[in-house]
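Sequence positions, counted from 1, serve as the residue numbers for this chain. Computation of the quantities below employed the complete heavy-atom set of this structure, encompassing side-chain atoms and omitting hydrogens, waters and symmetry-equivalent molecules. Treat the numbers as computed from the prediction; the structure is a model and nothing was measured.
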Amino acid sequence: MALLVLKFGGTSVADLERIRNAALHVKREVEAGHACAVVVSAMAGQTNQLVGWVEEAWGYEERQQNGEDASAHYDGREYDAVVSSGEQVTSGLLAIVLQAMGVKARSWQGWQIPLRTDSAHRAARIIGIDVEELKGRLNGGEVAVVAGFQGIAPENRISTLGRGGSDTSAVALGAALQAERCDIYTDVDGVYTTDPKIVPRAHRLDRISYEEMLEMASLGAKVLQTRSVELAMQRGVRVLVRSSFDHPGYGGQPPEHGVEGLGTLVCHEDEIVEQNVVSGIAYARDEAKVTLLKIADKPGVAAQVFGPLASANINVDMIVQNVSEDGYTDLTFTVQGSDLDRALEVLRKAQDRIGYFDLRGSTDIAKVSAIGVGMRSHAGVAAQMFSALAEKGINIEAISTSEIKISVLIDAAYAELAVRTLHSLFGLDSRERP
Ligand code: ASP
Ligand code: MG
């Protein structure tokens with residue numbers, strides 16, 4: 001008998017029919033003899049609606065239109081009191097549905113466990129989870145249905161963990177309970193080598209390492225909240241991403257199944273026997289490019305450019321600086337698309353100090369990345385990648401690398417071609433025709 005954490009996302013508990021379907025998954029694991037702690041999200045769309053109400057109550061939009069400081073937010077404690085309620089509803093409903101199926105179950109709000117957090121309301125961090133009581137009940141055969149996304153802050157105020165936070169609730173609970181696995185049931189059946197909408201021959205990975213998953217997540221493959229992956233890596237929690245729409249009940253699945261074929265296991269790289277050099281190709285369209293033309297090529301200029309951006313809390317991702325011939329140089333870098341206007345504003349104000357000739361911003365760019373822990377022990381991956389792109393006539397505007405990732409910045413019009421090219425180049429196309 002194993003202890004499992006099962007987490008159901010918003011689309012998997014979107015209505016009562018889906019909650020019944022989720023309950024069948026739980027029942028199957030219970031009947032296989034496992035102790036089950038279940039973490040639920042709010043019904044899909046519910047949290048957005050609750051956030052909308054909070055903003056309306058505060059007159060948020062009017063305040064912004066009147067030029068009030070947008071950072072002067074409504075009270076985070078009351079925001080948390082409202083938006084945490086979506087999970088309260090689904091945890092109670094799933095407990096009732098389980099009971100109706102004859103499965104012993106009890107719902108748990110964050111404060112009842114208690115799951116303690118710091119006081120950073122709206123994006124609180126988990127400090128600790130008291131699992132004694134839960135453990136006793138789980139061992140006694142009762143399913144614990146835990147409201148995800150919420151906890152209890154100092155001064156006994158309800159807190160929430162940031163959007164998408166029930167993934168983190170599930171992983172944290174998995175760590176505290178020393179669960180065999182944390183199964184994340186969602187609306188996709190795993191993590192793919194790339195977006196199957198772009199490359200129909202993309203295939204599901206059986207396993208992916210924590211580090212690769214972090215790179216994938218930060219690049220836009222948003223299956224898991226990034227913080228949950230960091231936590232899983234730190235605490236060694238094995239996470240299985242699987243679809244709640246496959247095999248409810250027994251549906252042909254023997255109760256003593258392994259994990260192979262059920263989804264994608266996010267785990268330590270030692271657990272991955274057959275490791276490709278590149279595991280996946282990610283792409284992101286949410287960055288923007290900033291170019292400063294003809295700045296003086298002398299010490300201190302880069303600091304004058306990036307200092308004010310950092311003070312304005314604008315993150316810079318890729319940076320390229322050209323060599324100069326005449327004492328001037330061009331500098332190109334990327335920021336989040338949503339920060340572009342602010343970045344340009346900051347740089348305009350600093351024009352006299354920096355002393356550039358012209359300033360340009362563009363959102364017509366895409367970042368395409370090859371990711372794989374196998375790169376650590378393989379030379380020449382970058383060279384292969386650049387020549388394959390060159391053969392297709394794709395111009396590279398900037399490059400950045402880490403030990404397990406190579407990213408290139410290209411014209412947005414070529415994003416799909418680049419993804420397809422790299423997917424075949426690194427042997428990721430599945431053998432079966434889609
Ligand atoms: N319901 C919350 C959200 O929509 C938490 C979650 O679903 O993970 O962000
Ligand atoms: Mg989610």
Note to self: Donor-acceptor check, side chain of N21 to backbone of S244, threshold 3.5 angstrom: yes or no?
What the structure shows: yes

Notebook entry, point to check: What are the two closest non-hydrogen atoms of A170 and V5, and how far apart are they?
Noted result: O-CG1, 3.8 Å

Check: Side chain of R18, backbone of S12: donor and acceptor closer than 3.5 Å?
Finding: no

Check: Side-chain donor-acceptor pair under 3.5 Å between S209 and E212, yes or no?
Finding: yes

Item checked: Straight-line distance of L94 CG to E87 CD, nearest 0.5 Å -> 12.5 Å

Margin query: For Y185 and H25, take the angle between the two ring planes, folded into 0 to 90°, and tell me which bin it lands in: parallel under 30, tilted 30 to 60, perpendicular over 60.
Written below: tilted

Checklist line | CZ (R285) with more than 12 external heavy atoms under 6.0 Å | finding: yes

Item checked: Backbone of L331 reached by a side-chain donor or acceptor of Y356 within 3.5 Å -> no

Margin query: On a heavy-atom basis, which atom in S84 and which in T160 lie closest, and how many Å separate them?
Written below: CB-CG2, 3.8 Å

Next item on the list: Apply ring pair (Phe, Tyr, Trp, His ring centres under 6.0 Å) to the pair F357 and Y328, showing each step before the final yes or no.
Entry: CA-CA 10 Å; F357 179 72; Y328 291 104; 8.7 Å; no

Margin query: Could you tell me if Y74 and R122 have a donor-acceptor pair between their side chains, going purely by distance under 3.5 Å?
Written below: yes

Next item on the list: Assess whether side chain to side chain contact (heavy atoms under 4.5 Å, CB included) is satisfied between L340 and V290, documenting all intermediate values.
Entry: CA-CA 8 Å; L340 177 63; V290 176; 3.7 Å; yes

Next item on the list: Let me know which of I406, V277, L425 forms a side chain to side chain contact (heavy atoms under 4.5 Å, CB included) with Q384.
Entry: L425

Margin query: Could you check whether any side-chain N or O of H268 sits under 3.5 Å from a backbone N or O of Y210, counting only pairs where one atom can act as donor and the other as acceptor?
Written below: no

Next item on the list: Run the numbers on E416 and Y283 for side chain to side chain contact (heavy atoms under 4.5 Å, CB included), then give the verdict.
Entry: CA-CA 9 Å; E416 301 197 356; Y283 78 103; 5.9 Å; no

Note to self: Tell me if a side-chain donor or acceptor on N276 pairs with a main-chain N or O of S279 at a distance below 3.5 Å.
What the structure shows: no

Notebook entry, point to check: Under 3.5 Å, side chain of R227 to main-chain N/O of G165, donor-acceptor pair present?
Noted result: no

Margin query: Show, in sequence, the C-alpha distance, side-chain angles and deciding distance for C267 and I272, and conclude whether the side chain to side chain contact (heavy atoms under 4.5 Å, CB included) test is met.
Written below: CA-CA 8 Å; C267 59; I272 306 175; 3.9 Å; yes

Check: For the salt bridge (Lys or Arg N to Asp or Glu O under 4.0 Å) test, which of D206, D189, D187, D183 pairs with R242?
Finding: D183

Notebook entry, point to check: Looking only at heavy atoms, what is the nearest atom pair of K27 and M101, with distance?
Noted result: CE-O, 3.6 Å

Next item on the list: Report, as yes or no, whether the 6.0 Å neighbourhood of atom CZ on R125 holds more than 12 heavy atoms from other residues, nucleotides or ligands.
Entry: no

Note to self: Just checking F306: does its CZ atom have more than 12 heavy atoms from other residues, nucleotides or ligands closer to it than 6.0 angstrom?
What the structure shows: yes

Next item on the list: Check the pair L422, L389 against side chain to side chain contact (heavy atoms under 4.5 Å, CB included), reporting the backbone distance first and the verdict last.
Entry: CA-CA 8 Å; L422 298 179; L389 293 173; 4.2 Å; yes

Note to self: Measuring from atom OG of S243 to atom CD1 of I184, what distance do you get when rounded to the nearest 0.5 angstrom?
What the structure shows: 13.5 Å

Note to self: Pairing donors with acceptors under 3.5 angstrom, does anything connect the side chains of S159 and D80?
What the structure shows: no

Notebook entry, point to check: Where the side chain of D429 meets the backbone of R201, is there a donor-acceptor pair that is under 3.5 Å apart?
Noted result: no

Next item on the list: Would you kindly say whether T334 and E287 are connected by a side-chain donor-acceptor distance under 3.5 Å?
Entry: yes

Notebook entry, point to check: Do other residues, nucleotides or ligands put more than 12 heavy atoms under 6.0 Å from the CD atom of Q178?
Noted result: no

Item checked: Side chains of H423 and T193, donor plus acceptor under 3.5 Å -> yes

Check: Does any N or O in the side chain of T264 come within less than 3.5 Å of the main-chain N or O of L205, such that one atom is a donor and the other an acceptor?
Finding: yes

Checklist line | Heavy-atom neighbours of R376 CZ exceed 12 at 6.0 Å | finding: yes

Next item on the list: Measure from the side-chain N and O atoms of T291 to the backbone N and O of R360, and report whether any donor-acceptor pair falls under 3.5 Å.
Entry: no

Note to self: Looking at S166 and F149, would you say the former's side chain and the latter's main chain have a donor-acceptor pair under 3.5 Å?
What the structure shows: no

Checklist line | Cationic N near anionic O, under 4.0 Å, D358 to K294 | finding: no

Note to self: Quick check: do D195 and V419 have side-chain heavy atoms less than 4.5 Å from each other?
What the structure shows: no

